[in-house]
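Here's the structure we're looking at; comments come further down.
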Protein chains: 2
Amino acid sequence: MATSTDTEPQPRLPLTRRRILRAAIDLADAEGIAAVTMRRVAGELGVEAMSLYHHLDNKEDLLDGIVEELIGEIETELGGFRVDVGVEDWQPRLRHIILTARRVMLRHRWAPSVIETRTKMPPGLVRYFEMILGIMIEGGFSNDLAHHAMHALGSRALGFSQELFVPASTTEKAASDAMFAAMMSELPYMVGMLSAISHDDPDSTLGWCDDQTEFEFGIDLILDGLEARRLAG
Amino acid sequence: MATSTDTEPQPRLPLTRRRILRAAIDLADAEGIAAVTMRRVAGELGVEAMSLYHHLDNKEDLLDGIVEELIGEIETELGGFRVDVGVEDWQPRLRHIILTARRVMLRHRWAPSVIETRTKMPPGLVRYFEMILGIMIEGGFSNDLAHHAMHALGSRALGFSQELFVPASTTEKAASDAMFAAMMSELPYMVGMLSAISHDDPDSTLGWCDDQTEFEFGIDLILDGLEARRLAG
DNA sequence: ACCTGAACACCGTTCAAGT
DNA sequence: ACCTGAACACCGTTCAAGT
C-alpha cells in the first residue's frame, strides 16, 4: 500500500521541456519570479535540479522558453496572429490586440521583467510585431511612419504600462494631516493635484489610480497621434 | 621603502557611503551591473565586503543609493529642479528636461534596470516628478490632465526608450540573400519595411535605426497629444 | 536515454572577534 | 567606531556515476 498512496500521486510522468516551462510559470505566478530557481522548479516536478539540463541548455533557455509560452497565450486569446489584407481600420484593431496582450501580462505580473531581460528577440515576438506592422501598413501607413510607430509603441505594444511607481502617497489612503502638511511645503503641485483629484471624485480614495483607465489614456494618445501623422503625411 | 610604494597608493582613505556609491557606479559603467556585487565593490575600494555593511543596510540600500546619485547627476546638469511660476511654455521646457535626463541615462546604460527594480519611490525621483508636474500645471494643465499625463509619460519622463529590442535583423547589416528570402515568406511586412527604409536612405545600412531620432519622435507624439487635449479641455 | 549526488565557484548576509 | 575572517544558506552549473 505504500507505493500506490505515496506523496507523488503520478508515479512517473516523463519530464518534457513544456512541462518544465509550465511549472516555472505556475511557480512565478504563485511566489514571484525570484522563486524560479533551477532547484525550486525541479522540486515542483519532483525531480533533481540537474535533470532539467536534459531538456534545457541553461537558465537563460528556461526564461526564453517562458517568454515563448506567454506569447503563445496571447496568440491563443487572439485566435492567431492574423493580418487581414485590405482591412483599413487599423486603430481599433491594434487597440484590441494591445489590450488583449495586456490582459495576459496582468495574469503574469512578473512577465515584463523576464521579457525585458531577453538578449535575443524571441521568435514569437517577431511574429507578434510582424502582425502589428502588417495592420498598420494595410491601414495606410507609409513604411517610414510604420517604422517610427514601432519604436514609439515600444513595449507598450505588449500592454506594459511602463510606469516607474505610483507615487508613494498615492498608494496609501488617508495620509495623516501632519504628513500632508509636511509634504505640502516640499511638493505643492503633487499635493494640489492629489487633493483636486480626490475632491472631483468623492468615491476615490486619495490619489487612487485606475491602471486600466491610465493605460488606455496613454495608448490612445499614441494611436491618435499616429493617425494624425498618417493623415498629414 | 616597502610601505610608501605599496599596492595601495592612498594608505587609508576613510570609507563613506558616497565613496561606496561612486565606486559601484564606476564598476557598473565599466563591467555592467552584474559585476556590482558586495564583494566586487568592496574589492574596488581595497576593503572586505563586510565593511560595506557599516555604511549600508544591505544591497538594496546600495542600489537605492545609486539611484539617488543618478538623480543627482540629472539635477546637476539641469542646474537644479526648478519650476518657474507663471512660465507657460511647458512643452519645450519639458522636452529639454527629458532629453537631459536621457543623456544621463545613456552614460549609465544599466540604470533603467536598477531604477525599475526599486520597490520604494526614491525621494529624488519624487522631486523630479514634482518639477515635471509643476511645469505642466503652470503651463495650463488641469490637475486631471496633468495626472493622466504623468501616467502616460511613465518612465519615458526619465529618458527611457522603453523598446524591447531592435528586431534581430536590424542589428545585422547585410543579411544574406538566402536568409532574406527565408524571412520574406514569414515576415513580408517586416522585410518590406526594412528594404523601403534602406532604399529611401542609401547611406543607412539595412534597418539601421537612430535611437535619438526615434526617442524624439515618440516623446513629441506624446507631448503634442497632451497639448491637443489641453487646448480641447 | 534519462536522472542523480557530490562538488565547484559564486552570491548576500550574520556573527563573533579583532584593533 | 570601524574593519575582518569564518561560516551559513543559498545560487547556476559541471562532471562522473548510476539505471
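Residue numbers begin at 1 in each chain, while the letters A, B, ... track the order of the sequences.
A donor and an acceptor atom never sit less than 3.5 Å apart when one is taken from the side chain of His54(A) and the other from the base of dC2(C).
Within 6.0 Å of CZ in Arg17(B) there are more than 12 heavy atoms belonging to other residues, nucleotides or ligands.
Across the interface with DNA chain D, nearest-nucleotide mapping of Arg40(A) and Ala49(B) shows Ala49(B) to be the residue nearer the 5′ end. Looking at which nucleotide of DNA chain D each of Lys59(A) and Arg39(B) is closest to, the 5′-most match is held by Arg39(B).
Contact check on Glu186(B) versus Arg127(A) returns no salt bridge, with no Lys/Arg side-chain nitrogen under 4.0 Å from an Asp/Glu carboxylate oxygen. We find that Arg109(A) and Asp29(A) are not joined by a salt bridge, their nearest charged nitrogen and carboxylate oxygen being 4.0 Å or further apart. Between Glu44(B) and Arg39(B), none of the side-chain N atoms (NZ, or NE/NH1/NH2) sits under 4.0 Å from a carboxylate O, so this pair counts as no salt bridge.
Distance CG/Leu125(A) to CD1/Ile74(A): 7.5 Å, rounded to 0.5 Å.
Phosphate proximity of dT4(D) to Ser51(B): present, with a side-chain N or O under 4.0 Å from OP1 or OP2. OP1 or OP2 of dT13(C) sits under 4.0 Å from a side-chain N or O of Tyr53(B).
Using a 4.0 Å heavy-atom cutoff across all strands shown, Met38(B) reaches sugar-phosphate atoms only and no base atom. At the heavy-atom level, Thr37(B) lies under 4.0 Å from the strands shown only through sugar-phosphate atoms.
A cation-pi contact, defined as under 6.0 Å to the ring centre and within 45° of the axis, is absent between Arg102(A) and Phe160(A).
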Dot-bracket for DNA chain C, 5' to 3', Watson-Crick and G-U pairs with both distances under 3.5 Å, [ ] for crossing pairs, | for partner on another strand, reads ||.|||||...|||||.||
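Glu60(A) has its CD atom 14 Å from the C1' atom of dC11(D), to the nearest Å. Across the protein-nucleic acid pair, Asp61(B) atom CG and dT13(C) atom P stand 10 Å apart, rounded to whole Å. For the pair Met50(A) CE and dA6(C) C1', the interatomic distance rounds to 9 Å; values are reported in whole Å. In this structure, Asp57(A) places its CG atom 14 Å from C1' of dG12(D), rounding to the nearest Å. Rounding to whole angstrom units, CG of residue Leu52(A) and C1' of dT4(C) are separated by 12 Å. In this structure, His55(A) atom NE2 and dT13(D) atom P are separated by 17 Å, rounded to whole Å. Rounded to whole Å, the distance from CD on Glu48(A) to C1' on dA17(D) is 14 Å. One atom, CG of Leu56(B), and another, P of dC2(D), lie 13 Å apart when rounded to the nearest Å.
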CA sep, side-chain torsions, deciding dist, call: Ile132(B), Phe81(B), side chain to side chain contact (heavy atoms under 4.5 Å, CB included)
CA-CA 9 Å; Ile132(B) 286 178; Phe81(B) 290 163; over 6 Å; no
